Novice: 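Pasting a structure here, questions to come.
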Amino acid sequence: MMGKKAKQKFESTGINEMGTIKKMIYSIVSKENATDILIMGDCLFYTIQYIIANIYTLLTRQSFLSVKANIFLAAINFLILFLVFFAIKSMITHDFTKKSKLVDHKVKSYILSQAYGKEFYTIKTNDGAKVVEKDKVEVVHAEVATDDKRKIGTTKIKYFELEIPDGLPEDQLYAFKEIIKHNKNTSMLVVTKYVKDEAKD
């Protein structure tokens, strides 16, 4: 049986290796030509497989790979590339979900303005002003019935946004910002208007 210290060392090594692989993946993803790098890597892998397979068949059968075998080899590599993209996206999404958090801010006022051909919300919160593209904000209007005379006719506004924690590695931070950048409605503006509860009259 594996001793306790040996087992701990083995698990520690596995964790360190996984951390190294993650760092390498984030390093690739942070490059502007990340997709090209992955495709080129898969093409190189396919080329190596193609050469080895042809050498093997040439030595054993005195012929090159058949057309069907080449198509099958290419299909396998396309599948591998798809699975790699899927695994990377799933890993980054999982890390983003785990590390980001939803924070809310009390809103004093907000306006919709236009600049450089785009529409923006300027939202004044208790934590300072925030300028956000219109497409990134989902605005929700709600009416809440109340019998509290102090609240009737008043409006409460809250702004919710996903916040990325400080201290992340540069490559991971880049990947997380890209998620927010390329997704719509990553924040929400909730306008709650309090109305008289007619049911209690």
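Every value quoted in this text rests on a predicted model; they were computed, and no experiment measured them.
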Novice: Going by heavy atoms in the side chains, are Ser187 and Phe160 under 4.5 Å from each other?
Specialist: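 No - every pair of side-chain heavy atoms lies 4.5 Å or more apart.
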
Novice: How far apart are the C-alpha atoms of Leu102 and Leu162, what are their side-chain angles, what is the distance that settles it, and do they pass the side chain to side chain contact (heavy atoms under 4.5 Å, CB included) test?
Specialist: CA-CA 5 Å; Leu102 188 67; Leu162 286 170; 4.3 Å; yes

Novice: Enumerate, atom names and distances included, each donor-acceptor pair closer than 3.5 Å involving a side-chain atom of residues 105-123, sequence neighbours excluded.
Specialist:
unit_1, atom_1, unit_2, atom_2, d
His105, ND1, Asp127, OD2, 2.5
His105, NE2, Glu161, OE2, 3.0
Glu119, OE1, Lys134, NZ, 3.4

Novice: With a 4.5 Å cut-off on side-chain heavy atoms, are Lys156 and Lys193 touching?
Specialist: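 No; the side chains remain at least 4.5 Å from each other.
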
Novice: Could you state whether Met188 and Tyr159 fall into the same hydrophobic cluster, counting links through intermediate Ile, Leu, Val, Met, Phe, Trp or Tyr residues with side-chain heavy atoms under 4.5 angstrom apart?
Specialist: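 No; tracing contacts between hydrophobic side chains, which count when under 4.5 Å, never links both residues.
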
Novice: NZ/Lys68 to CG/Leu73 distance, rounded to the nearest 0.5 angstrom?
Specialist: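 So the gap between those two atoms works out to 16.0 Å.
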
Novice: Glu138: which residues meet the salt bridge (charged side-chain N to carboxylate O under 4.0 Å, His left out) condition with it, sequence neighbours left out?
Specialist: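 Testing Glu138 for salt bridge (charged side-chain N to carboxylate O under 4.0 Å, His left out), a comparison that skips the adjacent residues, returns none.
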
Novice: Compare every heavy atom of Ser100 with every heavy atom of Pro165, then report the nearest pair and how far apart it is.
Specialist: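 Minimum heavy-atom separation between Pro165 and Ser100: CD-CA, 4.3 Å.
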
Novice: Could you list the residues that satisfy ring-ring contact (aromatic ring centres under 6.0 Å, His included) with Tyr194, not counting sequence neighbours?
Specialist: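 Here no residue qualifies.
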
Novice: Report the distance from atom CZ of Phe176 to atom CG of Asp171, rounding to the nearest 0.5 Å.
Specialist: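 Result: 11.5 Å between the selected atoms.
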
Novice: For Lys136, check salt bridge (charged side-chain N to carboxylate O under 4.0 Å, His left out) against everything at least two apart and list the hits.
Specialist: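 Applying salt bridge (charged side-chain N to carboxylate O under 4.0 Å, His left out) to Lys136 gives none.
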
Novice: With the side chain counted from C-beta on, respond yes when Phe96 and Ile180 share a heavy-atom pair under 4.5 Å apart, and no when they do not.
Specialist: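 Yes; the side chains approach each other to less than 4.5 Å.
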
Novice: Can you find a pair of side-chain heavy atoms, one from Thr155 and one from Ile157, that are under 4.5 Å apart?
Specialist: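 Of all side-chain heavy-atom pairs linking Ile157 with Thr155, at least one is under 4.5 Å.
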
Novice: Can you measure from OG1 (Thr192) to NE2 (His141) and round to the nearest 0.5 angstrom?
Specialist: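 Interatomic distance, Thr192 OG1 to His141 NE2, rounded to 0.5 Å: 10.0 Å.
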
Novice: Nearest 0.5 Å, please: how far is CD1 in Ile55 from OG1 in Thr60?
Specialist: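 Output value for this atom pair is 11.5 Å.
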
Novice: Remaining members of Ile52's ILVMFWY cluster at a side-chain heavy-atom cut-off under 4.5 Å?
Specialist: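 Under the 4.5 Å side-chain rule, Ile52 groups with Leu44, Ile48.
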
Novice: Does the pair Val137 and Val139 meet the rule for a side chain to side chain contact (heavy atoms under 4.5 Å, CB included), with working shown?
Specialist: CA-CA 6 Å; Val137 183; Val139 181; 4.2 Å; yes

Novice: Quick one: are Leu173 and Ile164 in side-chain contact, heavy atoms under 4.5 Å?
Specialist: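 A side-chain contact exists here, since the closest heavy-atom pair is under 4.5 Å.
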
Novice: Sequence neighbours excluded and cut-off under 3.5 Å, please list the side-chain donor-acceptor pairs for residues 78-95, or say none.
Specialist:
unit_1, atom_1, unit_2, atom_2, d
Ser90, OG, Phe86, O, 2.8
Thr93, OG1, Lys89, O, 2.7
Asp95, OD1, Lys22, NZ, 3.2
Asp95, OD2, Lys22, NZ, 3.3
Asp95, OD2, Tyr26, OH, 2.7

Novice: Report the distance from atom CD1 of Ile179 to atom OH of Tyr174, rounding to the nearest 0.5 Å.
Specialist: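 Nearest 0.5 Å value for the CD1-OH distance: 12.0 Å.
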
Novice: Near Lys130 NZ, under 6.0 Å, is it more than 12 heavy atoms from other residues, nucleotides or ligands?
Specialist: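 Buried by this count: over 12 neighbours within 6.0 Å.
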
Novice: Find out whether Val140 and Val191 are in side-chain contact, i.e. whether some heavy atom of one side chain is under 4.5 Å from a heavy atom of the other.
Specialist: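 Result no, sub-4.5 Å side-chain heavy-atom pair not found.
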
Novice: Please test Ile152 against Thr146 for side chain to side chain contact (heavy atoms under 4.5 Å, CB included), starting from the C-alpha separation and ending with a verdict.
Specialist: CA-CA 7 Å; Ile152 295 172; Thr146 180; 3.9 Å; yes

